[in-house]
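Since the structure comes first, as structure tokens, the remarks are kept for the end.
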Amino acid sequence: MDVLKSKDEISQVIAHSHKEPVFIYKHSATCPYNARAQGEVVLLKHDYPIYGVVVQYARDVSDELATSLAVEH
């Protein structure tokens with residue numbers, strides 16, 4: 001899983017999504033449900049990239065994703 005650390009990376013990921021599916025996983029470092037879900041996401045059988053965002057460490061990235069994609073945490 002590649003971790004998104006800046007808002008600039010979001011536009012690159014969105015551009016990539018026009019060529020093939022991408023998976024963006026926003027999660028909380030302190031939520032036990034998110035930790036379990038993250039483990040399941042990593043185990044998915046897939047041929048597309050997975051990008052992660054830790055909400056506590058990259059709030060600006062998380063907020064930009066919510067705005068750009070109209071998906072809130």
Side-chain angles (χ1 to χ4, degrees):
M1 179 183 313
D2 293 324
V3 178
L4 297 176
K5 296 178 183 171
S6 73
K7 293 193 296 184
D8 293 333
E9 293 174 311
I10 294 171
S11 59
Q12 295 171 6
V13 170
I14 290 172
H16 187 135
S17 76
H18 295 289
K19 299 174 190 160
E20 69 175 335
V22 300
F23 190 100
I24 301 172
Y25 180 68
K26 288 175 55 172
H27 66 99
S28 168
T30 59
C31 177
Y33 298 109
N34 280 187
R36 182 173 179 180
Q38 181 181 5
E40 291 181 22
V41 166
V42 171
L43 294 176
L44 289 173
K45 303 294 184 212
H46 56 78
D47 293 328
Y48 48 85
I50 298 175
Y51 299 94
V53 177
V54 181
V55 176
Q56 290 93 333
Y57 305 145
R59 174 61 67 185
D60 60 332
V61 176
S62 175
D63 292 345
E64 182 66 25
L65 282 168
T67 301
S68 298
L69 302 175
V71 177
E72 295 185 23
H73 181 77

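Nothing fancy with the numbering, it's 1 onward along the sequence. Treat the numbers as computed from the prediction; the structure is a model and nothing was measured. Heavy atoms only: backbone and side chains are in, while hydrogens, waters and symmetry mates are out.
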Which atoms form the tightest heavy-atom contact between Pro49 and Pro21, and what is the distance? CD-O, 3.6 Å
For Val22 against Ser17, the heavy-atom pair lying closest together: CG2-CB, 3.7 Å
Quick one: pull up [atom1] in [X] and [atom2] in [Y] and give me the separation to the nearest 0.5 Å.
X     : Y     : atom1 : atom2 : answer
Ile14 : Ser68 : CD1   : OG    : 5.0 Å
Leu65 : Glu9  : CG    : CD    : 10.5 Å
His27 : Gln38 : NE2   : CD    : 4.0 Å
Lys5  : Tyr57 : NZ    : OH    : 12.0 Å

Find out if a path of hydrophobic residues (ILVMFWY) with successive side-chain heavy-atom gaps under 4.5 Å connects [X] to [Y].
X     : Y     : result
Ile10 : Val53 : yes
Val61 : Val13 : yes
Val41 : Tyr48 : yes

Just say parallel, tilted or perpendicular for the rings of His16 and Tyr51, cut-offs at 30° and 60°.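 Geometry flag for Tyr51 against His16: perpendicular rings.
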Given side chains that start at C-beta, do those of Ser62 and Gln56 come closer than 4.5 Å, heavy atoms only?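 Ser62 does not reach Gln56 side chain to side chain.
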Decide yes or no on side chain to side chain contact (heavy atoms under 4.5 Å, CB included) for Leu69 and Ile24, but give the supporting numbers first. CA-CA 11 Å; Leu69 302 175; Ile24 301 172; 4.0 Å; yes
